[in-house]
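What follows is a set of notes on a single structure, which appears directly below.
In what follows, every heavy atom counts, from backbone to side chain, and hydrogens, waters and symmetry copies are set aside. Below, chain A is the first sequence line, B the second, and so on; all start at residue 1.
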4 protein chains.
Amino acid sequence: MTPRGEKDEAEVVSGIFKGKTTGAPVTILIYNRDVDSTPYEELKDKPRPGHADYTARVRYGGYNDYRGGGRFSGRITAAYTAAGAVAKKLLGTIDVETLAHTVQVGSVTLDREVTVDEIRRNVYANPVRCADPDVAELMMREIEKAAGEGDSVGGVLEGLALNVPPGWGFPIFDSLDADLARMLFNIPGVKGVEFGSGFRAASMRGSENNDQYAIVNGKVVTTTNNSGGILGGLSNGMPIKIRVAFKPPSSIRIPQRTVDLAEMKETVLELKGRHDPCIVPRAVPVVESCIALVLADHALRIGAIPQVLKSEH
Amino acid sequence: MTPRGEKDEAEVVSGIFKGKTTGAPVTILIYNRDVDSTPYEELKDKPRPGHADYTARVRYGGYNDYRGGGRFSGRITAAYTAAGAVAKKLLGTIDVETLAHTVQVGSVTLDREVTVDEIRRNVYANPVRCADPDVAELMMREIEKAAGEGDSVGGVLEGLALNVPPGWGFPIFDSLDADLARMLFNIPGVKGVEFGSGFRAASMRGSENNDQYAIVNGKVVTTTNNSGGILGGLSNGMPIKIRVAFKPPSSIRIPQRTVDLAEMKETVLELKGRHDPCIVPRAVPVVESCIALVLADHALRIGAIPQVLKSEH
Amino acid sequence: MTPRGEKDEAEVVSGIFKGKTTGAPVTILIYNRDVDSTPYEELKDKPRPGHADYTARVRYGGYNDYRGGGRFSGRITAAYTAAGAVAKKLLGTIDVETLAHTVQVGSVTLDREVTVDEIRRNVYANPVRCADPDVAELMMREIEKAAGEGDSVGGVLEGLALNVPPGWGFPIFDSLDADLARMLFNIPGVKGVEFGSGFRAASMRGSENNDQYAIVNGKVVTTTNNSGGILGGLSNGMPIKIRVAFKPPSSIRIPQRTVDLAEMKETVLELKGRHDPCIVPRAVPVVESCIALVLADHALRIGAIPQVLKSEH
Amino acid sequence: MTPRGEKDEAEVVSGIFKGKTTGAPVTILIYNRDVDSTPYEELKDKPRPGHADYTARVRYGGYNDYRGGGRFSGRITAAYTAAGAVAKKLLGTIDVETLAHTVQVGSVTLDREVTVDEIRRNVYANPVRCADPDVAELMMREIEKAAGEGDSVGGVLEGLALNVPPGWGFPIFDSLDADLARMLFNIPGVKGVEFGSGFRAASMRGSENNDQYAIVNGKVVTTTNNSGGILGGLSNGMPIKIRVAFKPPSSIRIPQRTVDLAEMKETVLELKGRHDPCIVPRAVPVVESCIALVLADHALRIGAIPQVLKSEH
């Protein structure tokens, strides 16, 4: 879906020996080869609306790398995904799995509950990463429409973590939901995070929102999952369910008003080139990875995954 | 609005000398005097739906203090508010102000934009902490109705931070929004956090959601504030706007299904006594404080507030 | 040995329920009842040589609590010892033990190796906390001599940790020795920390200082312990041996030159009252505790002590 | 002095743009090109005495990179020095300077006080990094003698920080001396760290060790510097003086007893090749850098160096 020709080649430069992690930090380099900085020189003094151009310039006194948004670019998520690949392996040793799928693109929403099987089967089979192929079709059209108008659209992802044992989390202040939210808000473009019934809980009654307990196959479960798998900042053994709202990408072809910061006067900005009209599909592996990173960290801290796996020696 | 007779008396036991902070940690004690633990003994093995009883028991191997939810009780927010009072004083030295107000209780929503003046004038003048007195009236009825039925309702608060200079925040991973979200999710009952247009951004076009730049009185501003005052994890000088969703309180008189964990069998739970039917109004000073705590911390870290104020000596 | 009449009464105000820790922070209060601040008002502008009076005043812009050195007083070590008592209990669950004993007071040094048995038996049986009763006698006289002259003496403690399993530590930057040193330098009066052969290693040959390996009872051991039980920042299974140098207490009756900071002129300071002529004996439980705190923290982080002990429920 | 042919070529891959730091992390890569791992395969199961081979193997379950000690090698200090170069630039903006020089090699000690001028002039003019050329000569002979016998020698460095303003440090637990010691103990081979009079303070009287105050050119100074520039964990404006003890390098040609961990039997180890007979001279820039790193960090935290230098834009 992205028209930019970035090849994500990852080079591991430390922490792996004979195909296994050594205990030393794993350093993974992903070079940004697409570095024609010419177009950005023109933009240097004209902050693009919605981007971090203005805030970065103020924060770093004008010394920031303004080419393509520098460190504020969504490209940072390539690193999240690389690290997430390691985290997923760790979680895999205790059967914890993280998933994500697109549930909204612009005005198109996935209105039904999808099964985990549908997610596993369909998400990577269509370019918008939706678990329902028919809805995926509508989402693609929504994106194409926006793109055709030189505009962009936002959307919502649902992230899931399955088989997380009950009792993970460190309240106060490293609650599981707090740490997950923190990580997710470090993904560029995220404007909202909710767990379980989330904002809908605001209009619910306690009798409706409380997840009541039952015993199934000798295990304590809840009969609903409005908590999203987290109670009091601790996992309760049910699937962790998170919804993440992404804004429409800020780069659009439609002219926008901005300011020339060198001359301190108002001006109009027209971005050229092709831009990603919707970031949501590309964010699916990123959200999976970010959830995995937080869970792996908690698993190691709480001792759910031993720091040293059984040696072969 | 809360029927429980807790007197919040705070005792400062360190860090203050001659009415000023000394640089040593400020320790504030708020004793919980309401400690009849008898009712909780009955509940010991029967986790209350929606509460952290079950997760805490698992997390701490049954050694957790189960009386009134122990450390998972909303009473922890008294400490947030006490600490927030100090943070607000710090922020006050550079004219940064934090506010919060109720924008939804159950099905009653505040549908119009209110002014900062209305918030300052009205919020603490009605028990639901709504900036519009008429809507406040409806919210109170919503709460009373739920209470009358032995039930509870959720709601939404809006938090604001005014006069935050542009450029605050430490990306990656201490973005201003990430740190604010993390703190807010450490408030018991919070299920969702969004900045600016938040989840609404998902259905917006980029041309609509991007905040365009203008110059007003020689200052760079945006003509809308869909970003909620944060771009790329950094403040942009506009008001920081956050919406926080609270679930309905978990303690309700309506009988609920739970599990007897000692005997591992399903059972029914009937909570006695009076319970807080809506936590939202009480959360207003808490959200104000949590925002202030994060901002004061960032202000000190970035040097926006000097670590040592001008000495009188 | 201390002439000051401080009663160390500790009050636990959180984190303990039914005699067990709950997983919430354990807060222990030790009130300082000896608070006649009158003598300190005179000293307010005249920093006592060797104390933190001057540096604290500069650091905190004169707002610091100057009474008795405020937070810079050795009284802070009462808190270390209280926390250390909890850490020792944790370590006790896996048979790790921490010890400390006085090996030097002024010109009197303990020149022979003492056994762990001697340390356990003798240290708390004499007021200077020396494992050799005869040397203890000489140390006491050294202290009395200094006290009689209105002066003070320094000394050296040896700290030990027994039964630490091999492999503890997080290099780089949470090496076990680095973390231990950091904690020990947070004890007021500490001016030097060394592990194993320490500064003596500087004049040794590698062939002499290297601890060679052997197998004893099926276990890998070293035949000497010049490393002090730590190699590459990781425990090697041998006793951890640390020596900690304490300076002579700064409060002495002998007149000293100082500066009147209010009038910025040189002056002479004569301290009245009785002062502790040697801090070393009082530091023995403090060093034991500080070592225990670091080890317990590492044990929890590395998973050597489970975060939740087997539940009785 | 090192016979190993390592070329330290540093490649900056992030954080620099147009010759200035951008605010993003500065990543510097120093590849280890000298990677003939054949000799290490033989050593795999036979831990070299004094090295971290055994502890690393236990810590990481045998998955550690055992080639050349892996991450435990002194080569890590190339990274400290690269980072230190950035820290020194930061400190240079406020005229803070860090220095180090060799004061002991084996039995040869520099017994007189040297001036800062001598250090600046002579240290990098002789291979042992001693400020006194005559003593340097003796130190070189000491090293050659040990090398000729297939052995190694230890030594002591003195580190200095000049022009540090009074009041730096964050007690408790980020005292300036505690943080410096922690960093220094993360240098491979360090066995002792002392400030000012250090271990000598143990045999001193308070009247002798206390640094008395005077006023010189309108500035508060101390007439001696037994504190090493730090009182109560805070800088006092005098030069920070630290002594760091290094053990003799563990790699020696003399045969040593060790254990074959695969077969769990005792054996003898004979290391081939040429080894560094004394690490002390090579540690001089490392100690300078480590002190600079801690001070720069404190300077930024306390606001002594602004986070954003004056923009040229």
Do D151(A) side-chain atoms and S207(B) backbone N/O form a donor-acceptor pair below 3.5 Å? yes

Chain A contact via L180(B) - side chain, backbone, both or neither, heavy atoms under 4.5 Å: neither

Report the C-alpha distance between F199(A) and V156(B) in whole Å, list the side-chain angles of each, state the deciding distance to 0.1 Å, and finish with yes or no for side-chain contact (heavy atoms from CB on, under 4.5 Å). CA-CA 8 Å; F199(A) 275 86; V156(B) 176; 4.3 Å; yes

Which atom names give the shortest non-hydrogen contact between F72(A) and P171(B), and what distance separates them? CE2-CG, 3.4 Å

Okay, side chain of N210(B), backbone of S250(A): is any donor-acceptor separation there less than 3.5 Å? yes

Between K191(A) (side chain only) and S197(B) (backbone N and O only), is there a donor and an acceptor less than 3.5 Å apart? no

Find the distance between OH (Y213(B)) and CZ (R48(A)) and round it off to the nearest 0.5 Å. 10.0 Å

In terms of side-chain heavy atoms, does T55(A) have a donor or acceptor partner in N236(B) at a distance below 3.5 Å? no

Indicate yes or no for a side-chain donor-acceptor contact from Q212(B) to the backbone of R257(A) under 3.5 Å, with no hydrogens or angles considered. yes

With a 4.5 angstrom heavy-atom cut-off, is it the side chain or the backbone of T223(B) that approaches chain A, or both, or neither? side chain

Hey, is the main chain of F173(B) close enough, under 3.5 Å, to the side chain of N186(A) for a donor-acceptor pair? yes

Do the charged groups of R182(A) and D174(B) touch, with an N to O distance under 4.0 Å? yes

Which atoms of Q256(B) come close to chain A, meaning under 4.5 Å heavy atom to heavy atom: side chain ones, backbone ones, both, or neither? both

